[in-house]
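Worksheet: the structure to be examined is printed underneath.
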There are 2 protein chains.
Amino acid sequence: MDEIDRALVALLQQDAGQAYAALGKAIGLSAGATHERVRKLRERGVIRRTTVDVDPRALGLGVLAFVMVESSAWMGDSAEAFAAISEIEEAHIIAGSASVLVKVRTAGTEQLQDVLRRLYAIEGVSGTQATVTLETFFERPPAL
Amino acid sequence: MDEIDRALVALLQQDAGQAYAALGKAIGLSAGATHERVRKLRERGVIRRTTVDVDPRALGLGVLAFVMVESSAWMGDSAEAFAAISEIEEAHIIAGSASVLVKVRTAGTEQLQDVLRRLYAIEGVSGTQATVTLETFFERPPAL
DNA sequence: GGTGAAATTTCCAGTGA
DNA sequence: TCACTGGAAATTTCACC
């Protein structure tokens, strides 16, 4: 993980569809060597997968909310229960008054309410506190 | 945006690196027709870009935190000020007691503290309330 | 890490439903 | 308008230096 690897990852974050020859030119490497670098980055798990960034609104997902989930029990083994709710994009255990923080995207507020209902159905969940976003400034990949 | 498009987007979210022939086979289309569908999805902005999913820990980013930013003024025009802090992955205007919610990833708690310092330097910011995550259950693309 | 060539894949016509 | 076929052009992906 040297400077070249970092530059490579940054370029791939911007556009993973470009040719190895173009990537190589940008970092001063041949197409073959660039290919080998990328292969190793994948092998080591630095690059998990190549994916597409989709506009949520084009999918009809107009509401984004963050929900603090309070609990009356240890939630450390409840990952699957949260993952089973497809509208949840992220779920994290947090330090603080709540136990779990989830990021939820739904078509509308009715669907958000339904997600809250399903959250309450999870074993140990004793409360929720939803915060609806009014506008997203930006969402971007982690900076290097 | 029919059923085939949705299936296509779902497949691309899982792996954007596969050949059009393989994608087409999975949805019952020829490679050429699949290519044309994807081209139009990009053109219409449904697919914003193809990127790589990077493991933050491999980049030395071990701390993830969400920060509620309180303000004494309208923050609607402050997107650039937040974007200028590279450790901020997301920034959203929210409805509630705070004004802006940001997602921050740093190497350690010292760097997180430095981000808070820079947040206070933004015009109108009057307070912050940081929540550090202890464990991430999952982070995934929006479901279709 | 570079080079070059073989194997794939992309991508564009032309055609038809 | 949408999809299929065939082939040329580009790219990936190897073996070898």
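Hydrogens, waters and symmetry mates play no part in the numbers below; they use all other heavy atoms, side chains included. This one's a predicted model, so the numbers in the text were calculated from it and none came from an experiment.
The shortest distance between the side-chain N/O atoms of A:H35 and the OP1/OP2 oxygens of D:dT12 is not below 4.0 Å.
Residues from residues 36-53 of chain B placing a heavy atom under 4.0 Å of any atom in DNA chain C do not occur. Within residues 15-29 of chain B, the residues approaching DNA chain C are B:Q18, B:A19, B:Y20, by heavy-atom distance under 4.0 Å.
Screening residues 105-126 of chain B for ring pair (Phe, Tyr, Trp, His ring centres under 6.0 Å), with sequence neighbours left out, gives no hits. For the ring pair (Phe, Tyr, Trp, His ring centres under 6.0 Å) condition, the pairs that include at least one residue of residues 22-56 of chain A, sequence neighbours left out, are A:Y20-A:H35. Here salt bridge (Lys or Arg N to Asp or Glu O under 4.0 Å) pairs that include residues 59-78 of chain B, with residues two or more places apart or in two chains, number zero.
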Quiz: residues 134-144 of chain A side-chain donor-acceptor pairs under 3.5 angstrom, not counting sequence neighbours:
from: A:T136; atom 1: OG1; to: B:H92; atom 2: ND1; distance (Å): 2.8
from: A:E139; atom 1: OE1; to: A:R105; atom 2: NH2; distance (Å): 3.4
from: A:E139; atom 1: OE2; to: A:K103; atom 2: NZ; distance (Å): 2.8
from: A:E139; atom 1: OE2; to: A:R105; atom 2: NH2; distance (Å): 3.1
from: A:R140; atom 1: NE; to: B:I88; atom 2: O; distance (Å): 2.9
from: A:R140; atom 1: NH1; to: B:A83; atom 2: O; distance (Å): 3.0
from: A:R140; atom 1: NH2; to: B:A83; atom 2: O; distance (Å): 3.1
from: A:R140; atom 1: NH2; to: B:I85; atom 2: O; distance (Å): 2.8
from: A:R140; atom 1: NH2; to: B:I88; atom 2: O; distance (Å): 2.9

Side-chain donor-acceptor distances from residues 59-68 of chain B under 3.5 Å, at least two apart:
none

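Every residue two or more places apart in sequence or in another chain was checked for a salt bridge (charged side-chain N to carboxylate O under 4.0 Å, His left out) with A:R57, and none qualifies. By the side-chain hydrogen bond (donor to acceptor under 3.5 Å, both in side chains) test, B:E43 pairs with B:R39, sequence neighbours left out. Qualifying side-chain hydrogen bond (donor to acceptor under 3.5 Å, both in side chains) partners for A:R6, counting only residues two or more places apart in sequence or in other chains: none. In this view, B:S99 and B:S71 satisfy the side-chain hydrogen bond (donor to acceptor under 3.5 Å, both in side chains) rule, not counting sequence neighbours.
Between B:V52 and A:A16, the shortest heavy-atom distance links the atoms CG1-CB, 3.9 Å.
An end-to-end axis angle of 30° holds for the helix from C:dG1-D:dC17 to C:dA17-D:dT1, taken from five base pairs per end and rounded to 10°.
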